[in-house]
Amino acid sequence: MRALFPKSLFPALMGLLAACAVASELRFPPPEFETDYTMPGITTPPPRSLAMEYVDTALLVTALGLAAWLVHRRRSRRGLVALSVFSLVYFGFIRTGCICPIGAPQNVALGMFDPGYTIPLTALAFFLVPLVFSLFWGRTFCAAVCPHGALQDLVLIKPVKVPLWIEQGLGIVPFIFLGLGILLAATGTAFIICRYDPFIPLFRMSGSVFGLTLGGIFLAAALFIGRPFCRFLCPYGALLRLGSIVSRKAVRITPDHCTQCRLCEHSCPFGAIREPVKLPVTPNALAPERRRLTWLILALPVLIAVGAWLGSKLSVAAAKVHPTVALAEQFLAGDKAPAPATALPTPETRALGRAAETAPELIAAASEVRRRLGIGGWWFGGWVGLVIGARLISLSLRPNRTDFEPDRGACYACGRCYLACPNERVRLGLITPAEAAALQAHAPVPRPDAKPS
Amino acid sequence: MTAPSLPSARADAALWRPLRATVWITACLAALAVLLLVVTHHRAHAHDPLKSPELAALKQRLLDEPRNEELKQQIRDLDLALRRSHSRLLNFYAFGRWLLLGSLVSFVLSAKAWGKLRARPPAPRLSPDAAERFTRLVRLARLTASTTALCTLIALTAIVVAATSPLPSAATDREKLLARLRGEEPEAPPLPPLAEFAANWPRFLGPSGNAFTPVAPEPLTFDAASGDGLLWKVSLSLPGFNSPIIWGNRVFLSGGDAARRSVAAFDLATGQRVWEQAVTGVPGSPAKAPEIPESTGFAASTMATDGLRVYAIFANGDLAAFTLDGRPVWSKHLGVPQNQYGHANSLAVWEGRVIVQLDQGDADAGLSKLIAFDGASGRVAWQVPRKVPESWASPIVVEAAGRAQIITLAGEFVIAHSAGDGAELWRVQELHGEIAPSPIFAGGFVLAVSPNDKLMAIQPDGLGDVTKTHVAWHADDGIPDVTSPVSNGELVFLVTSYGLLSCFDVSSGKKLWEHECDTDVHATPAVAGNRVYVLGGKGKVVVVEAAREFKELATFDLGEAIFASPAFREGRMVIRTAKSLLCVGTPPASASGGTSP
């Protein structure tokens, strides 16, 4: 049982339960008639103190450093699990998933394009530090520091392999989501990466029905599919993937030689371990692939141009997300067919009333938002075309691998493959070389549920 | 990965059943917690205390009885009860969340432990065909990526196509909207010059209102059935008795019934229908159309145009403006006119304004009024009440005695209003009966018909009641009851409903000749060049010379009933029959036109 319930899990569980005490509150308005009671004025919750922001940043850097050490030096899956539990509790349930690096690109984009917005130092740090770490040590943030990844990783009970061709094909989705998130954030329209984050409502234990349902769906999927959000949607993961591809250090299944027993491939629930592929002996065999590659490279500018043109047409639809545009459209629709007056004003009617008083300013502001989205749409559409083209090109390149090794972009550095490797176990002194040889020969092992003789 | 020793295998086997039971129990507990939360949420949503109808009703009562202390106490009590209920709901939510979290954590931990016991060690097989597998994999991956890309492009295209917004995208439209919201007058394009106005047929009975054009169409005779003498003929699906109007190369007319009202434009050269727009969504227009006698119909009033827009009014009180290319500009509902035969007064235009003579009800009811609308915006420029009963005559706007005057007939009166502000200028009390013939302005006189009674010539330079001072002459023979007089400026022609055509001298009122056309006539005749066209109700066409001596030029049968007055432009005559719209004329290469008087 000790092996099944590691010591670190119990205090973590207690911490998790304690963190859940931070429950949201459903608001109820005060009575609307006069009494002797003096209603307190509306106050805005004070921002998190600067010291605590530094603490958050320091904890992030420390956790990332610890994760890098656990992945590359200590090579400890157990240590990574413990760190995941800490990250889930602190960055997830205590900090309620905010601020997190996944949404930070939006802050950076808004800070770059809106002179009136000053990006918080913490947001900048949360955006940059994991990226910098990925350039040196791969996706150590995903390994054990990201609360989203930690939650999905810890609840994975029966991994089902997703065919690699599906994963490779759907790999463009996170990049498109990233582009859309940056477009809407840069134009001050919305932070959709945060709005549609499936796990934030779970961390806060409150939210809209849609948010909670989305979170429940992803959590249920995560029981059987390794990290579905990270693999198929996470926009920050898309950035880390790029950083990890060129990182200085990559995850190694074993520092020793690879015996090509395939046991590591079976241990990875994310399908991130690639088998050896050799180039054909005769170079002529690659001729069709070279032709395809040439055509795809030539098609790349066309894809970018088509995407950019299409993206520029998105401004009308995308602008509807912006509250100013939404109010302006509601006002203009009401301008044609005025809504009947009600005795008791609602927030909507009040907003429309204000809109009527400042209609020219509202329309001008809404038009400006749409203009900015029209310009941004070119870039977003071009980005989509680039992503599609680049993915098709990357799928037309033939690697030359001699050993089983993790895909640098797809590996989450979770450490599961370390102890799956017989040579690694021998290196750590857990088994003898003879036992390793037996494992490599796939000797039958008695089932745990078999009745002892 | 090592094979378990016997003691540990026994321990694992002992844990197998309890762990499996724990997994199922915790899973059921989690499902139960989810179910409870969902059901509670739906119940709370259905019985939202914030939307309590009782509380809302009490608050509404409080607005009427602000001093009612007992009512206030009731609200307080109900409010407290609702708060307590809400608080219990929050507590239940909190309990459900804890239950769900605890059961989920237990489920995951026990399921992981159980899974470890169930796990079978992997037995992967080495396969030598890695290169082939890789080729197959990337081919499928490319296919998936392409499909994803295609779906993305389709989704983006669908979003682009489906997105509509009341916020204008074009800069010019946006500027117009902003100008309107700021209360600024939009910069109106200039009105066409008067010469262009005179070259067209912009309203009922033409630019002068005399149904006169200097160029007669050729050939003299024509036939609807064979098409002889016609440039084109198109069938009409729009019911209506209004006459066509012409501006440039477009012929406009309206039509409608109880179900729908619409406006259509035809190409003058070919007769091809260029556009047709339904008049729908008029703010305030009743969904159920009023009952209008079929003899008048919903579209008896002739349209008018100022060269920038066309205007149409219908018997249900809807007034609409369209651009010449059919784009709706504005529409208004003026109230259902109280008119026993249905509204039939045609529209007039003056300096970008559209004039509506809305005579209705009895004179004492005070419902009648004359309204000038700004053509561009539809705003009321001015409006004056008229103490007259319902009428069917159309107003004309004339420049006379240095004033722009709107001449109207209704009840017992000929009334002239100032076109600038609608103020009454002068009036003559000499009319009787139900006033349908419209006034004209010829030879310096306003000519008005008192149905079946007399034709009178009025000098338009008076002020106030000029009945005894400004009526130059009377004529009382051959007076119509429906059709209007027409004139070439020297002679005036009248035709009665039973077909008696009479000619008078404009300056003296002396009758010069008369002619029995032997047909019933409902359409006002027209003077084109030196010809007078009388269009019979059963299709008989009589053409006589517009001269002091009677001379019949032609009599023939068109083949289709005619109730509307024709329209002319550049030697072409457009006639609306009961079934079709046709154009008399010769192709441009051989067109010569008639002679001018």
Asker: Counting heavy atoms not belonging to B/Q73, are there more than 12 under 6.0 Å from its CD?
Answerer: yes
Asker: What part of A/P276 gets within 4.5 angstrom of chain B, counting heavy atoms only: side chain, backbone, both, or neither?
Answerer: backbone
Asker: Within the structure provided, determine whether A/P399 and B/F134 are in side-chain contact (heavy-atom separation under 4.5 Å).
Answerer: yes
Asker: Less than 4.5 Å to any heavy atom of chain B: does that hold for the side chain of A/L310, its backbone, both, or neither?
Answerer: both
Asker: Where on B/R142 is there a heavy atom nearer than 4.5 Å to chain A: the side chain, the backbone, both, or neither?
Answerer: both
Asker: NZ/B/K112 to CG/A/L223 distance, rounded to the nearest 0.5 angstrom?
Answerer: 9.5 Å
Asker: Measure distances from A/V387 to the heavy atoms of chain B and classify the residue's part below 4.5 Å as side chain, backbone, both or neither.
Answerer: neither
Asker: Which heavy atom of A/A364 sits nearest to which heavy atom of B/L178, and what is that distance?
Answerer: N-CD2, 4.1 Å
Asker: Determine whether more than 12 heavy atoms belonging to other residues, nucleotides or ligands lie under 6.0 Å from atom CD of B/E54.
Answerer: no
Asker: Name the option with the most non-hydrogen atom pairs under 4.5 Å to chain A; the candidates are B/L156, B/T164, B/L140.
Answerer: B/L140
Asker: From A/I166 CD1 over to B/L143 CG, what is the distance, rounded to the nearest 0.5 angstrom?
Answerer: 11.0 Å
Asker: Looking only at heavy atoms, what is the nearest atom pair of B/L167 and A/A366, with distance?
Answerer: CD2-CB, 3.8 Å
Asker: If you count heavy-atom pairs within less than 4.5 Å of chain B, which of A/K320, A/K158, A/Q168 leads?
Answerer: A/K320
Asker: With only heavy atoms counted, which part of A/I172 is less than 4.5 Å from chain B, the side chain, the backbone, both or neither?
Answerer: side chain
Asker: Specify which of A/V306, A/L392, A/V173 makes the most heavy-atom pairs with chain B at under 4.5 Å.
Answerer: A/L392
Asker: Between the side chains of A/R398 and B/T135, does any donor sit under 3.5 Å from an acceptor?
Answerer: yes
Asker: Report the option among B/I159, B/L137, B/T152, B/L153 that has the most heavy-atom pairs separated by less than 4.5 Å from atoms of chain A.
Answerer: B/L137
Asker: What part of A/L202 gets closer than 4.5 Å to chain B, counting heavy atoms only: side chain, backbone, both or neither?
Answerer: neither
Asker: Quick one: pull up CE in A/M205 and CG in B/L100 and give me the separation to the nearest 0.5 Å.
Answerer: 7.5 Å
Asker: Which atom pair, heavy atoms only, marks the closest approach of B/V108 to A/I157?
Answerer: O-CG2, 3.9 Å
Asker: Go through the side-chain N and O atoms of B/T148 and A/R391 and say whether any donor and acceptor fall under 3.5 Å apart.
Answerer: no
Asker: OG/A/S367 to CG/B/L177 distance, rounded to the nearest 0.5 angstrom?
Answerer: 7.5 Å
Asker: What part of A/L397 gets closer than 4.5 Å to chain B, counting heavy atoms only: side chain, backbone, both or neither?
Answerer: backbone
Asker: Heavy-atom count around A/R401 CZ within 6.0 Å, excluding the residue itself: above 12?
Answerer: yes
Asker: Rounded to the nearest 0.5 Å, how far does CG of A/L212 lie from NE2 of B/H41?
Answerer: 9.0 Å
Asker: Nearest 0.5 Å, please: how far is OG in B/S169 from CZ in A/R371?
Answerer: 14.0 Å
Asker: Could you tell me which of B/A162, B/A163, B/G281, B/S165 has the largest number of non-hydrogen atom pairs under 4.5 Å with chain A?
Answerer: B/S165
Asker: Flag the pair B/V138 / A/S396 as yes when at least one side-chain heavy-atom distance between them is below 4.5 Å, and no otherwise.
Answerer: no
